[in-house]
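Read through the structure below, which is laid out as structure tokens, and then see the notes.
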Amino acid sequence: MAAQETVDHKYVYDFSEGNKDLKDLLGGKGANLAEMTNLGLPVPPGFTITTEACQAYLATGREPDGLAGQIEAHLESLERAMGKRLGDPRDPLLVSVRSGAKFSMPGMMETVLNVGLNDQSVVGLSAQAGGTGDPAASGGAAGQAASGGADRFAWDSYRRLIQMFGKTVCEVPGEEFEHALDEIKSAKGTQNDLDLDADDLRGLVDAYKKIFLKHTGREFPQQPREQLDLAIRAVFESWNAERAVLYRRQERIPADLGTAVNVVTMVFGNLGPDSGTGVAFTRDPASGAQGIYGDYLANAQGEDVVAGIRNTVPLQELAQLDRASYDELLGIMARLEEHYRDLCDIEFTIERGKLWMLQTRVGKRTAAAAFVIAGQLVDEGLIDLDEALHRVNGAQLAQLMFPRFQLDHEFQPVATGIGASPGAASGTVVFTSARAVELAAEGRSVILVRRETNPDDLNGMIAAKGILTSRGGKTSHAAVVARGMGKTCVSGADAIDVNVPAKRFTVAGQTVDEGDMVSIDGTTGKVYLGEVPVMPSEVVQYFEGSLDPEHIDNPLVRAVHRIMTHADGKRRLAVRTNADTGADAARARRFGAEGIGLCRTEHMFLGDRRELVERLILARAPGEREEALAALLPLQRADFEEIFREMDGLPVTVRLIDPPLHEFLPPLEQLAVNVAVAQERGEDVAKEEALLAAVRRMHEENPMLGLRGVRLGLVIPGLFAMQVRAIAEAAVSCARGGGVAKPEIMVPLVGAVQELETVRAEAEKIIAEVVGDSGVEVLIGTMIEVPRAALTAGQIAEAAQFFSFGTNDLTQMGWGFSRDDVEGAFFWRYLELGIFGISPFESIDRDGVGRLVRIAAEEGRAARPGLKLGVCGEHGGDPDSVHFFHEVGLDYVSCSPFRVPVARLEAGRAVVETGGSDSR
Ligand code: ADP
Ligand code: MG
Ligand code: MG
């Protein structure tokens, strides 16, 4: 017999057998019910059927062997413990059947209460509660209140069972039940379900049974065990319900986890005014403030609180209704917080003055609350700073750095879509890309409103302050492109009806025309009519240095300061910034940047300098080219001087010119038209014609793979030399002025060591000549952004003093994606199909592109120990990517100024999470 038992796989766990760390197996709800049971808290007895049983059921379409017997055994022991039998006509044990997956999926799967009631046991339940079970008999004068109440309760429980069972297990449309309930209420002339007496509810049970029969073709099942089995199976199947599948995709929850099923002895909050049910948080999940946050509803069963059938009262009022239960509840909440060392949310029921705990979990919270609570828990000695750092993340910090809407009662959202790209944006409504461009050129803020966007909208999206669509999710074209651009976007606000030809949209019965103002919150997905005032972020003010963290009473800023300070102490990665101007550099420095990892030089060829670039490109004789370069030299030198000044004492990596030169010339079509028009008028067009010929000559089918980067430097004599000279001269002039400039010259797009060697030989000569005995040191290194460079890193390291991974190009060339084309054209489809979970331009593709980084880092360092390694793609500010770069052992990441705090935080978290304690 014993041998037989060990053969069976264990599919059912009593609450006393589990614990909170078994979420994979028991689901979150089951694991935490077990944890509370073991803490000695009042949890109604029960057992959990494992996620493995669900997986087996879903794979084969039937319950796995042994499951039925194990359920039977656990049910029997539950019956013994309770001294009742499931559905016993005289004194029935009733249970709830509750889903509960590893990750909470609110409202996605369902629960059936009062399983075990039928036409007989409803009488027994009433009798046990002090009634007769027969509404006709409860009219007697004596004991009317008690017995009438008990009868009412029993029939109320029964009608709830038919309703929930019908809807959840047998797919009977829920509205039909609601409609029948409304009808009885209106026949009685009441809105309140408490005014229905036992008689009414018995009538309702009959009506419900008819609805059940009509939709299922069978009578409502009277066998308690059949009810139980069908309910368990329905919970298994709810894992694959359409909305659950969609939700998982949205939240990136794996599809194969399955759900556990909890069978829990019923306790009753609907036994009268001394009973009730409620939910609570141990702290405010919005602000993190300490206190008691919850709702209570007397004489009700669980789902009523959320369903909003009657008005709940604030939990504090329970103190008046039932002091003893209230005090006990507060004690339990404190105990849970101490045990879980975190904000908990709970569900409870009071049955005739006796408190029961029905659920707890570590509660969800806003970004602000996450920081505030982590800080408080450190103060309370419940967690240390490492743990606090672990509990917040860069995405939350980034959210806190966006400006927020200042909402008062005046502004109510008219629609809620998906917060597709965070931020708060207000502006004039436009419906076309062209109009967006027009108004933006006049300096107006515009919100581009479309049903969905497509690649034709790109210019409008660039011009707009925000994008609002009525269709599409987090992976729609609008969402993907807006995130790529860092623009605020709300997608899928389906309450909005967009009519582009008529230039208007309607929402909630109102019409909004082109030119009206609208405000969108890309974090919450909310849409407001009119211009909602925007408040700057306190967190940004703090980073900018305009708030003194030591003398501030804003709890959020205090918490951010404390956790950031700890992250800085922990992290091994340095954080630099990408900055092309003195102003950007200064701002990034205030945000904590420890140098510049990428200073692009292309903007130094724009504006009124374009003309010099044209001369350079059109030069026929060496003399003409040299003249143009000589004119550019002092301009660039001045730019570098400003940047070195701002970054005094910190390293500045300057990238030599990278984009193809035709980007600095007018577009072909425009030139062709100009030439034609001028010829018509008989004007002298020699210069335009030369330009046009040059543009034609320089046309490339694939500019990203064409004449750019180091290739330009090798083809156009004197170009790199001029830039190297400007950098070296600026550094020397800085040093003469008493500053410390630390330039690092970076050669882009190198694929072979010979390219770098050629550039380097020339550069070193110039540097030696300019620097002389000024003490300035100039490093020369390369970007690793061509796959071949990564694969020959050992050779390249011989000629490079540092590597900087250009992960944008490495991703483009590694995948063969042209970023500008693919994000709009098909990324949404790839995301939908799960080919990747997130755009590889947003977060580094560890397996492919990441592997190139790893190889280059290892082989580069093997060839040149101590080789300095950094990354300057946008991935440098992406949380997951920062962890990857930490693991690979880079020295620094570089990102846009606004991302610097995020990278600092994540670099600290990476150390804590890999269990390291290395601090600098
Ligand atoms: P959800 O995951 O949607 O919160 P639950 O399984 O927690 O679903 O059930 C919803 C509500 O039903 C609970 O909050 C609780 O109030 C009520 N409930 C569930 N099981 C029981 C029970 N055994 N006794 C009394 N009420 C219950
Ligand atoms: Mg619940
Ligand atoms: Mg590049």
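Residue numbers run from 1 in the order of the sequence given.
Using modelled atom types, one side-chain atom of Asn118 and one backbone atom of Gln222 make a donor-acceptor pair closer than 3.5 Å. In this structure, Asn114 contributes its side chain and Ser157 its backbone to a donor-acceptor pair below 3.5 Å. Within the 3.5 Å criterion, the main-chain N or O of Phe268 finds a donor-acceptor partner in the side chain of Glu351. Checking side-chain atoms of Thr360 against main-chain N and O of Asp345 turns up a donor-acceptor pair under 3.5 Å. Side-chain N or O atoms of Trp239 include one that pairs as donor or acceptor with a backbone N or O of Ala255 at under 3.5 Å. A distance-only check finds no donor-acceptor pair linking the side chain of Ser470 to the backbone of Asp494 [under 3.5 Å]. Looking at Thr366, its side chain does come within 3.5 Å of a backbone N or O of Ala286 through a donor-acceptor pair. Listed for the Thr282 side chain is a donor-acceptor partner under 3.5 Å among the backbone atoms of Cys344. Between the side chain of Asp156 and the backbone N or O of Arg152 there is no donor-acceptor pair closer than 3.5 Å. Judged by distance alone, the side chain of Thr48 and the main-chain N or O of Asn262 form no donor-acceptor pair under 3.5 Å.
Here the CD atom belonging to Glu237 is positioned 10.0 Å from the CG atom belonging to Leu230, to the nearest 0.5 angstrom. Between the CZ atom of Arg471 and the CD1 atom of Ile418 there is a distance of 13.5 Å, given to the nearest 0.5 Å. Here CZ of Arg159 is found 11.5 Å from CG of Asp200. Values are rounded to the nearest 0.5 Å. Between His179 atom NE2 and Ile184 atom CD1 the span is 11.5 Å, to the nearest 0.5 Å. The line from CZ of Phe47 to CG of Leu26 is 13.0 Å long, rounded to the nearest 0.5 Å. A distance of 9.5 Å separates CG of Leu201 from CH2 of Trp155, quoted to the nearest 0.5 Å.
Taking all atoms of both residues into account, the shortest heavy-atom contact from Met36 to Leu336 is CG-CD2, 4.1 Å. Closest approach of Thr469 and Ala478 over heavy atoms only: CG2-CB, 3.6 Å. In this structure, Tyr13 and His74 approach most closely via the heavy-atom pair C-CE1, 4.1 Å. Thr265 and Pro44 make their closest contact through O-CB, 3.3 Å (heavy atoms, listed as atom of the first residue, atom of the second, distance). The two residues Gln359 and Glu347 come nearest to each other via the heavy atoms OE1-OE1, 2.8 Å. Of all heavy-atom pairs between Ala415 and Ile496, the closest is CB-CG1, 4.1 Å.
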Subject >> Intermediate values then yes/no, side-chain contact (heavy atoms from CB on, under 4.5 Å), Arg160 and Asn270 >> reply: CA-CA 11 Å; Arg160 286 173 193 266; Asn270 54 341; 4.0 Å; yes
Original post:
When you look at Leu315 and Leu329, which way does the side-chain contact (heavy atoms from CB on, under 4.5 Å) test go after all the steps?
Top reply: CA-CA 10 Å; Leu315 187 59; Leu329 182 65; 4.1 Å; yes
Subject >> Full working for side chain to side chain donor-acceptor pair (under 3.5 Å) between Asp151 and Ser126 >> reply: CA-CA 5 Å; Asp151 291 342; Ser126 164; 2.3 Å; yes
**OP:** Go through the steps for Tyr208 and Glu176 under the test side-chain contact (heavy atoms from CB on, under 4.5 Å), then give the verdict.
**Re:** CA-CA 9 Å; Tyr208 277 10; Glu176 298 235 3; over 6 Å; no
**OP:** Let me see the working for Leu67 and Ile232 under side-chain contact (heavy atoms from CB on, under 4.5 Å), right down to the final yes or no.
**Re:** CA-CA 11 Å; Leu67 178 59; Ile232 291 170; 5.6 Å; no
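The pair Arg323-Asp327 meets the salt-bridge criterion, since a charged nitrogen lies less than 4.0 angstrom from a carboxylate oxygen. Taking a cutoff of 4.0 Å between a charged side-chain nitrogen and a carboxylate oxygen, Lys210 and Asp206 do not qualify as a salt bridge. Classification of Asp516 and Arg504 as a salt-bridged pair fails, no side-chain N sitting under 4.0 Å from a carboxylate O. Salt bridge Glu63/Arg233: present, at least one basic N to carboxylate O contact under 4.0 Å. Ion pair Asp195/Lys188 not flagged as a salt bridge, since none of the NZ, NE, NH1 or NH2 atoms sits closer than 4.0 Å to an Asp/Glu carboxylate oxygen.
Between Phe220 and Phe165, the distance separating the two ring centers is shorter than 6.0 angstrom.
Using cut-offs of 30° and 60° for the angle between ring planes, the Phe348 and Tyr296 rings count as parallel.
More than 12 heavy atoms of other residues, nucleotides or ligands lie within 6.0 Å of CD in Gln320, so this atom counts as buried by the packing criterion.
Side chains of Tyr528 and Asp521: a donor-acceptor N/O pair is absent below 3.5 angstrom, by distance only.
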